[in-house]
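Just so it is clear, the structure is predicted and the values come from calculations on it, not from any experiment. Residue numbers begin at 1 in each chain, while the letters A, B, ... track the order of the sequences.
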2 protein chains.
Amino acid sequence: MADAVRPEKASSQTLKGVLGVRDLVFSGTIAPGERLSEISVSEHLGISRTPIRAALARLEQEGILEAIPSGGYAVRQFSVADVADAIELRGVLEGTAARLAAERGITPSCLANLRQLIRDLDAAVTGPVETLDLDGYIAFNAQFHEMIAELSGSRIIQRELERVMQLPFSGPSAFLNAQTSVPAFRTSLVFGQMQHRAIAHAIEMREGARAEAVTREHARLARINLDFVLKDPALMQRVPGLVLVSN
Amino acid sequence: MADAVRPEKASSQTLKGVLGVRDLVFSGTIAPGERLSEISVSEHLGISRTPIRAALARLEQEGILEAIPSGGYAVRQFSVADVADAIELRGVLEGTAARLAAERGITPSCLANLRQLIRDLDAAVTGPVETLDLDGYIAFNAQFHEMIAELSGSRIIQRELERVMQLPFSGPSAFLNAQTSVPAFRTSLVFGQMQHRAIAHAIEMREGARAEAVTREHARLARINLDFVLKDPALMQRVPGLVLVSN
DNA sequence: GCGATACATCTTGTATACAACCACCGGGCG
DNA sequence: CGCCCGGTGGTTGTATACAAGATGTATCGC
């Protein structure tokens with residue numbers, strides 16, 4: 001999603017390889033645990049082995065592939081516990097980012113942006129549940145979490161947070177798309193937005209401990225959504241990364 | 001140090017490349033911010049460009065190089081604040097690992113291992129400060145921190161913790177080597193060991209909050225050591241990664 | 001004299017050919 | 001009949017050759 005705007009070093013073929021293999025994995029063409037050979041991938045995508053090699057290495061550090069001891073890569077397999085841990089980890093890191101933002105203070109202009117974002121999110125969830133602007137909420141929600149990372153004022157934390165969110169199911173919007181049709185879920189967005197306000201307020205008031213605690217708890221919303229989605233196979237298929245989860 | 005025992009996928013040439021470039025960077029041959037071209041590195045190490053390319057990509061995700069927008073890599077430059085943040089980050093992650101270990105509980109055999117490690121560390125710091133077994137302490141200390149990561153019972157956390165420790169100055173033993181000659185430092189080891197005991201006790205007693213808090217604070221010892229080392233250029237040179245720190 | 005454009009050189013990105021390694025399979029020997 | 005050993009296929013690891021892009025410089029025009 002946001003990865004499309006990351007030129008980094010992949011000019012063309014390598015990027016094609018990354019995207020292609022990602023699709024191969026998330027579409028379920030290659031089963032979790034299955035080994036994938038450079039040559040077959042390169043033939044399948046019509047790209048030479050060299051960029052495929054680079055793409056595979058990238059995807060390994062991205063977390064959806066794992067290196068095999070004897071060489072080569074296999075599709076990484078996740079358990080439900082892994083997903084829960086990834087969510088917990090995101091909560092811990094975002095909580096730290098929020099705490100640092102509160103402790104170190106943020107500039108007035110940043111505060112203005114933060115408040116604007118809160119207003120945008122408010123607008124998206126205000127009114128009767130039927131008229132919620134879900135797409136807008138998802139976009140602003142992603143922006144909000146991105147901003148928390150920035151406000152920490154720490155390149156190191158920011159970088160690590162970006163890394164953790166690369167896992168397909170640990171992002172803040174991972175389970176949102178799946179549940180558009182579930183009524184109870186929509187009201188939970190309102191609750192999530194209350195937490196957003198609390199986080200922003202804590203940062204503004206420089207209440208570090210509160211900012212951290214609330215942000216951590218906020219991430220556990222994803223955990224709840226995960227449990228919910230797991231009960232319904234139809235919903236599971238709408239969460240892209242969940243094909244990697246075994247049991 | 002512990003990287004030598006990581007075959008992963010680098011059989012020979014790529015590994016040589018990683019080690020070679022690492023040395024080039026840490027020896028100060030290449031200044032922070034300086035661009036390093038594949039061809040010059042490949043000539044310098046007598047290796048073809050292909051494995052060098054892989055090595056450079058590895059070192060980028062390891063954190064000591066950064067990708068240049070126009071292609072290629074440069075030696076990453078760190079500020080003192082970055083180092084402090086990396087230490088904070090390690091504390092947060094280790095704290096989480098310790099909390100999870102406490103909350104989820106550990107097996108009796110793991111507990112026995114943990115206690116044994118505490119005894120080993122005790123033995124290394126017992127007695128007059130002149131006779132401290134510093135090398136032993138460093139080794140057991142590294143083992144202790146590794147064990148905390150394992151006890152979390154989470155592959156995800158463990159993997160992330162390993163990643164963060166790859167930064168040369170964020171490991172638990174990063175500043176220990178440098179200060180063998182400083183008397184005041186040695187007594188701080190005793191204090192650190194008290195924290196080790198508290199962490200182990202908290203995990204055993206399943207006191208998650210305490211385990212997390214103490215482990216976080218324990219990491220800040222490194223922060224103190226950092227401030228101390230920064231005052232003395234002679235000491236700075238004994239911490240390998242500190243050549244990457246600019247101001 | 002200054003700016004812009006075109007060229008030259010160096011850089012990385014890509015493709016392909018070769019070598020080494022691992023694993024599997026078959027046959028022979030104990 | 002089982003185990004060990006050697007061959008063979010396929011895989012990844014490495015080297016090199018080529019193409020495309022970027023950057024810096026020099027020259028030409030204004």
> Partners of A:Phe144 by ring-ring contact (aromatic ring centres under 6.0 Å, His included), sequence neighbours excluded?
Replying inline: A:His196
> How long is the line joining CG of B:Leu15 and C1' of D:dT14, in whole Å?
Replying inline: 15 Å
> side-chain hydrogen bond (donor to acceptor under 3.5 Å, both in side chains) with A:Ser37: which residues, sequence neighbours excluded?
Replying inline: A:Ser40
> What integer distance in Å separates A:Glu60:CD from D:dT12:C1'?
Replying inline: 15 Å
>> Rounded to whole Å, please give me the gap between CD in A:Gln13 and C1' in D:dA19.
In response: 12 Å
> Within less than 4.0 Å of OP1 or OP2 of D:dT11, is there a side-chain N or O belonging to A:Ser70?
Replying inline: no
Within the sub-3.5 Å range, which N or O atoms of nucleotides 16-21 of chain C have a protein N or O partner, and how far apart are they?
{"unit_1": "C:dT16", "atom_1": "O4", "unit_2": "A:Thr50", "atom_2": "OG1", "d": "3.3"}

> Within a strict 4.5 Å, meaning less than it, do heavy atoms of the A:Arg238 and A:Asn177 side chains meet?
Replying inline: no
> Does any pair with a residue in residues 39-49 of chain A pass salt bridge (charged side-chain N to carboxylate O under 4.0 Å, His left out), and if so which ones, sequence neighbours excluded?
Replying inline: A:Glu38-A:Arg49
>> Using whole Å, what does the distance between atom P of nucleotide D:dT14 and atom CD1 of B:Ile52 come to?
In response: 10 Å
> Atom NZ of B:Lys16 and atom C1' of D:dT14: how far apart are they, to the nearest Å?
Replying inline: 11 Å
> By side-chain contact (heavy atoms from CB on, under 4.5 Å), which residues pair with B:Asp82, not counting sequence neighbours?
Replying inline: A:Arg155, A:Ile156, B:Phe78, B:Ser79
> By side-chain contact (heavy atoms from CB on, under 4.5 Å), which residues pair with A:Glu66, not counting sequence neighbours?
Replying inline: A:Arg76
> What residues form a salt bridge (Lys or Arg N to Asp or Glu O under 4.0 Å) with B:Glu146, not counting sequence neighbours?
Replying inline: none
>> Taking atom CD as the centre, does B:Glu34 end up with more than 12 heavy-atom neighbours from other residues, nucleotides or ligands that are less than 6.0 angstrom away?
In response: yes
> Under the side-chain contact (heavy atoms from CB on, under 4.5 Å) test, which residues partner A:Gln116, sequence neighbours left out?
Replying inline: A:Arg119, A:Asp120
>> Among residues at least two apart in sequence or on other chains, which ones pass ring-ring contact (aromatic ring centres under 6.0 Å, His included) with B:Phe228?
In response: none
> Of all of residues 34-47 of chain B, which get a heavy atom below 4.0 angstrom from DNA chain C, listed by number?
Replying inline: B:Arg35, B:Leu36, B:Ser37, B:Glu38, B:Ile39
Quick one: which protein N/O atoms are closer than 3.5 Å to N/O atoms of nucleotides 4-9 of chain D? Pair and distance per line, please.
none

> Looking at residues at least two apart in the chain, or sitting in another chain, which of them share a salt bridge (Lys or Arg N to Asp or Glu O under 4.0 Å) with A:Arg99?
Replying inline: A:Glu103, A:Glu212, B:Glu88
